[in-house]
Protein chains: 4
Amino acid sequence: MASAATSKTATAGRRTAKSARPGQHRLRADALRNRERIIATAREALVEYGAEIPLDEIARRAGVGNATIYRHFANRRELIHHVTLSVMSRIAEQAESALAEESDAFLALRRFVHAAADERIGALCPLLSDSLDKEHPDLIAARDRLAAGIDALMGAARASGRLRTDIGVGDLMVALTQLTRPLPGNGCVDFDIFVHRHLQLFLDGLSAPARSELPGSPATLEDLQQRQ
Amino acid sequence: MASAATSKTATAGRRTAKSARPGQHRLRADALRNRERIIATAREALVEYGAEIPLDEIARRAGVGNATIYRHFANRRELIHHVTLSVMSRIAEQAESALAEESDAFLALRRFVHAAADERIGALCPLLSDSLDKEHPDLIAARDRLAAGIDALMGAARASGRLRTDIGVGDLMVALTQLTRPLPGNGCVDFDIFVHRHLQLFLDGLSAPARSELPGSPATLEDLQQRQ
Amino acid sequence: MASAATSKTATAGRRTAKSARPGQHRLRADALRNRERIIATAREALVEYGAEIPLDEIARRAGVGNATIYRHFANRRELIHHVTLSVMSRIAEQAESALAEESDAFLALRRFVHAAADERIGALCPLLSDSLDKEHPDLIAARDRLAAGIDALMGAARASGRLRTDIGVGDLMVALTQLTRPLPGNGCVDFDIFVHRHLQLFLDGLSAPARSELPGSPATLEDLQQRQ
Amino acid sequence: MASAATSKTATAGRRTAKSARPGQHRLRADALRNRERIIATAREALVEYGAEIPLDEIARRAGVGNATIYRHFANRRELIHHVTLSVMSRIAEQAESALAEESDAFLALRRFVHAAADERIGALCPLLSDSLDKEHPDLIAARDRLAAGIDALMGAARASGRLRTDIGVGDLMVALTQLTRPLPGNGCVDFDIFVHRHLQLFLDGLSAPARSELPGSPATLEDLQQRQ
DNA sequence: CATGAATGAGTCTTCATTCAT
DNA sequence: GATGAATGAAGACTCATTCAT
């Protein structure tokens, strides 16, 4: 699968740019495995435990020492950054494949929304939290790819006359993120069952014709990230 | 303003049951003022800062010493408990007055939803977080009152044929809570502008006739609190 | 005794300006005692153990909990800052009293040099280390006071014809600091005995007439702090 | 260049006596080159960065992997040990060649003092720090050679009537070390300019006739290493 | 032999909670 | 009753040292 993590910028750490992985420096196979495992574990742990999960706990779950996390990610912020990139990338794929594979545009949108939930989009608050460096080129690239994917989905659905016209990508993303956010502190696994109900309700609200007039105006992803 | 905090059970704090305030022991006027101020400050601070706000910060904002919080609430958990009660109470009032004052039942529901958002319902995840003692009689009472209020609202809206019939109080409450939850770490005050758009979309999804079939089944508030 | 710690600047911590102690906020007696004890303990501990001494060790020696240090000083850097101020202030007093009380100007200078050593001037590398915020007004004030005191001493000694004329305050301060610096890692208490020999030798080198031509040019304290 | 590192005793590293390199086991050429490079890099890095420099940083500067350091030196302590030996050896050479090449004995001493500073004698606190195993035969041998060299220098200078008679080798070594010690944490390269001023002043203090009476008594190098 | 990677122990710092005025 | 101060128990992060390629 295409990875959004190809463009790179060294974050010039004082000693070594741990997380910047320029093309010339291939990771050892086991290290790469660890790296991916840490990201995947962090994604799930964030969902189960909440955003304040200790890195030590992530390390424990991933079966590595705590310092191994720091070999791969300079600090908590950077780990979150990469988890965000990973999730955004996976979700972007979902958007793209939904559009490619579904003939009914609104069904494609619906499929995407539920798939994004399953991909733990809510684990991240990725577009809003201030714990991300929103200037980071990788994040911008991932955001743009995702925005493009969703835009295409929404555009097709709108073109088919099934999607109301007064909403933007940002509206969908924020609501989707919020509706699927994990509860803090406990593993509400069975909470998922609910989530899909609410997403479905929200999708019904997105259907054309619009049943009410919305306050404010449609939001792009850029809008979201700019609000402090 | 009716307070849900009159029936009491001491939760046997380590040394003294500070927070249990049996009716016989009227607080001094200034102490009561402090108590209310702490709760109100905590509510707002939770919204602005996020769930991990230090108690010292709440104390600072409330203009009291940190130990004063402990005079009123045995620990953080108990403070959150009371903030939750306060918010639930205020929201219940909103439900009740919306029903009483609006002639159009669906409009009443809509008014309630937006009012609940303004009351910071999302600051607390009041029904779900495991940082609450869900057995606590006060909480149960508050929940029941709130459930009754929303039930009445939804019943009326359903009766008027404007609300779809496959959703329960729990569905509304969870979605409402999630959609209005503050972002962690930063004061997204202007985020509010968005929230009402999403609530409106969700309300449109709630309208009859149902535009799709929902997975799962309608949830009550009891359901919610039993999970986990 | 006059304290250099009267002018203040809040270092605008995120939450509370712990270390800024504006005049309006008198410390409780016990807290002030702790504060002074921490500074004094840190001064001695720095001498005995070296600059890398853990704060926990300082806390232990001071008989307080580790967090108490942080109540008084936002971080390690700030503690060092205040220790530095304290030592500079004490040394400035030594300079002033030596000048005031000794009739022989060169003897006054000599007395000062040995007294500064006893005040642990070397514990700090106070003028040079980059672990200080050299822009800080308190530090500048302390430096200026100290420079003035030493300048007066040296000026008098020079005027009496006993001090060579090709050296500046900075020269004396640096050499004094270096010659009295504690060794890293071990408590060389009896090392002190040596130090005074070397200071004496250095003082002999400072005497007029100059016995050689020096490379470079006389240094002020400002010079020193600007390097690096 | 004569190396003091030929007589050896294995200091029984935990697993293998990595650093003991008995004569029979000639290092491969590249390994020897690495070893020397590590020592040289460590010497400079200690000067620029301070005593707390991480081994990883030394490895990075030396252009080797961190583990390579451990292949050559069992632990940090041992690396420091060898850097110390290296510096002492280089300084001893300076003493010997100064004596051999200068006709004026005091000039020879002066030349030596400045040369020792350029050899980074101060980087190591070589005679005093407790991070050395002062019992180690190599260190004793190096110390003895150095002491002999300086003794000869001082003896000649004393014989020429230019050096005061109340000071010992230890006095010179300690003062020299202290006056040239690098500041912690920052690369004060231009600090060197000062150092030679202070050394010159100190040398002037060493000149005969003595201008004052010194406290204590002359110190040998043995004295220094025995304290603590 | 050389190296990148992994790790546990240690340090700094924060915060809920308790203590003393 | 109220407060500032004190504290120990985490959590983030670093680094000497060990392991596996």
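All figures in this text were calculated on a predicted structure; none of them were measured in a lab. Below, chains carry the letters A, B, ... as their sequence lines are ordered, and counting in each starts from 1.
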How long is the gap from [atom1] on [X] to [atom2] on [Y], to the nearest 0.5 Å?
| X | Y | atom1 | atom2 | value |
| --- | --- | --- | --- | --- |
| C:I39 | C:N34 | CD1 | CG | 11.5 Å |
| B:E36 | B:H82 | CD | NE2 | 10.5 Å |
| D:R35 | D:L79 | CZ | CG | 9.5 Å |

(message) How close do A:L55 and A:I69 get, counting heavy atoms only, and between which atoms?
(response)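 Closest approach of A:L55 to A:I69, heavy atoms only: O-CD1, 3.5 Å.
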
Taking only the side-chain heavy atoms of [X] (C-beta and beyond), determine which of [options] contains the nearest atom.
| X | options | answer |
| --- | --- | --- |
| D:R71 | E:dA6, E:dC1, F:dC15 | E:dC1 |
| A:L55 | F:dA2, E:dT7, F:dC13 | F:dC13 |
| D:T68 | E:dA2, E:dG4, E:dT13 | E:dA2 |
| C:V64 | F:dT7, F:dA16, F:dT3 | F:dT7 |
| D:Y70 | E:dT17, F:dT17, F:dG1 | F:dT17 |

(request) Return the 5'-most residue of the pair C:D30, D:R76 with respect to DNA chain F, ranking by each residue's nearest nucleotide. (result) C:D30

(message) Reading DNA chain F from 5' onward, which residue's closest nucleotide shows up sooner: B:I69 or C:A67?
(response) B:I69

(request) Return the stems involving DNA chain F, sorted by first number, where pairs are Watson-Crick (N1-N3 with N6-O4 or O6-N4) or G-U wobble (N1-O2 and O6-N3), both under 3.5 Å, and runs are 3 or more long. (result)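 The stems are E:2-21 with F:2-21.
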
(request) Classify the side chain of B:N66 versus the base of F:dA5 as yes if they form a donor-acceptor pair under 3.5 Å and no if they do not. (result)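 When only heavy-atom distances are counted, B:N66 does reach the base of F:dA5 through a donor-acceptor pair under 3.5 Å.
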
(message) Can you pull out the residues from residues 36-44 of chain C that lie within a 4.0 Å heavy-atom distance of DNA chain E?
(response)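 None, since no heavy atom is under 4.0 Å.
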
